Amino acid sequence: RRSSDLTDITDGTHTGTGAGVTLMNCNCHSFDQVEKALITAIKCGIGKAKGFATEIDKKGSALVYEGDPIEAENVAIILESAGLKVKISG
């Protein structure tokens with residue numbers, strides 16, 4: 001995907017900036033495992049992590065980070081090291 005196709009994680013609008021990390025539902029990790037990985041990877045609170053975990057469970061994926069391409073790579077590495085499936089765009 002081109003960076004102009006990225007969706008902002010806050011309101012679903014297209015922003016066209018940076019790189020994005022989408023976390024996929026692999027049906028092999030618990031909500032707790034996903035939440036802990038998100039808290040570490042994107043440095044968010046438990047509420048935001050629970051929201052993403054719920055979205056991933058219901059929709060199959062969620063754009064969990066959008067911004068600096070180097071930071072996107074770091075986020076993806078952390079999530080992958082927890083055994084989670086990610087897709088980087090942008």
Side-chain angles (χ1 to χ4, degrees):
R1 261 201 296 192
R2 295 186 345 245
S3 61
S4 61
D5 294 332
L6 294 176
T7 303
D8 181 61
I9 60 174
T10 56
D11 64 8
T13 61
H14 293 284
T15 64
T17 60
V21 178
T22 301
L23 182 55
M24 314 302 285
N25 185 356
C26 64
N27 292 316
C28 56
H29 293 85
S30 69
F31 270 77
D32 188 52
Q33 290 170 317
V34 172
E35 291 162 4
K36 285 180 181 177
L38 284 166
I39 289 167
T40 301
I42 63 171
K43 300 168 183 68
C44 69
I46 187 67
K48 189 168 198 165
K50 284 182 181 291
F52 279 135
T54 300
E55 181 179 347
I56 293 162
D57 184 54
K58 290 182 179 188
K59 296 181 179 179
S61 67
L63 181 63
V64 297
Y65 176 83
E66 182 179 40
D68 178 71
I70 293 171
E71 185 60 25
E73 186 69 31
N74 291 334
V75 167
I77 288 168
I78 293 168
L79 294 172
E80 287 175 332
S81 72
L84 301 171
K85 184 178 175 186
V86 300
K87 182 171 75 171
I88 299 176
S89 55

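Along the sequence shown, the residues carry numbers beginning at 1. Side-chain atoms are counted along with the backbone in the values below, which use heavy atoms only and exclude waters and symmetry mates. Note that this is a predicted model, so its numbers are computed, not measured.
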Q | Nearest heavy atoms of Leu63 and Gly20, plus distance in Å | A | CD1-CA, 3.8 Å
Q. Can you find a pair of side-chain heavy atoms, one from Val86 and one from Met24, that are under 4.5 Å apart?
A. no
Q. At what distance, to the nearest 0.5 angstrom, does CG of Leu23 lie from NZ of Lys87?
A. 12.0 Å
Q: Search all heavy atoms of Ala37 against all heavy atoms of Leu84 and return the closest pair with its distance.
A: CB-CD1, 3.6 Å
(Q) How close do Ala49 and Ile39 get, counting heavy atoms only, and between which atoms? (A) CB-CG1, 3.8 Å
Q | NZ on Lys59 to CG on Asn25, rounded to 0.5 Å | A | 13.5 Å
Q. Atom NZ in Lys48, atom CD in Glu35: separation rounded to 0.5 Å?
A. 14.5 Å
(Q) Please give me the minimum heavy-atom distance between Pro69 and Ala19, naming the atom from each residue. (A) CA-CB, 3.8 Å
Q | Ala62 to Ile56 - nearest heavy-atom pair and separation | A | CB-CG1, 3.5 Å
Q | Between OG1 on residue Thr54 and NZ on residue Lys50, distance to nearest 0.5 Å | A | 8.0 Å
Q. Between Gln33 (side chain) and Ser30 (backbone), is there a donor-acceptor pair under 3.5 Å?
A. yes
Q. What distance separates His29 NE2 from Leu79 CG, expressed to the nearest 0.5 Å?
A. 10.5 Å
**Q.** Nearest non-hydrogen partners of Ala53 and Val34, listed with the distance
**A.** CB-CG1, 4.2 Å
(Q) What's the separation between atom OG1 in Thr22 and atom NZ in Lys85, rounded to the nearest 0.5 Å? (A) 11.5 Å
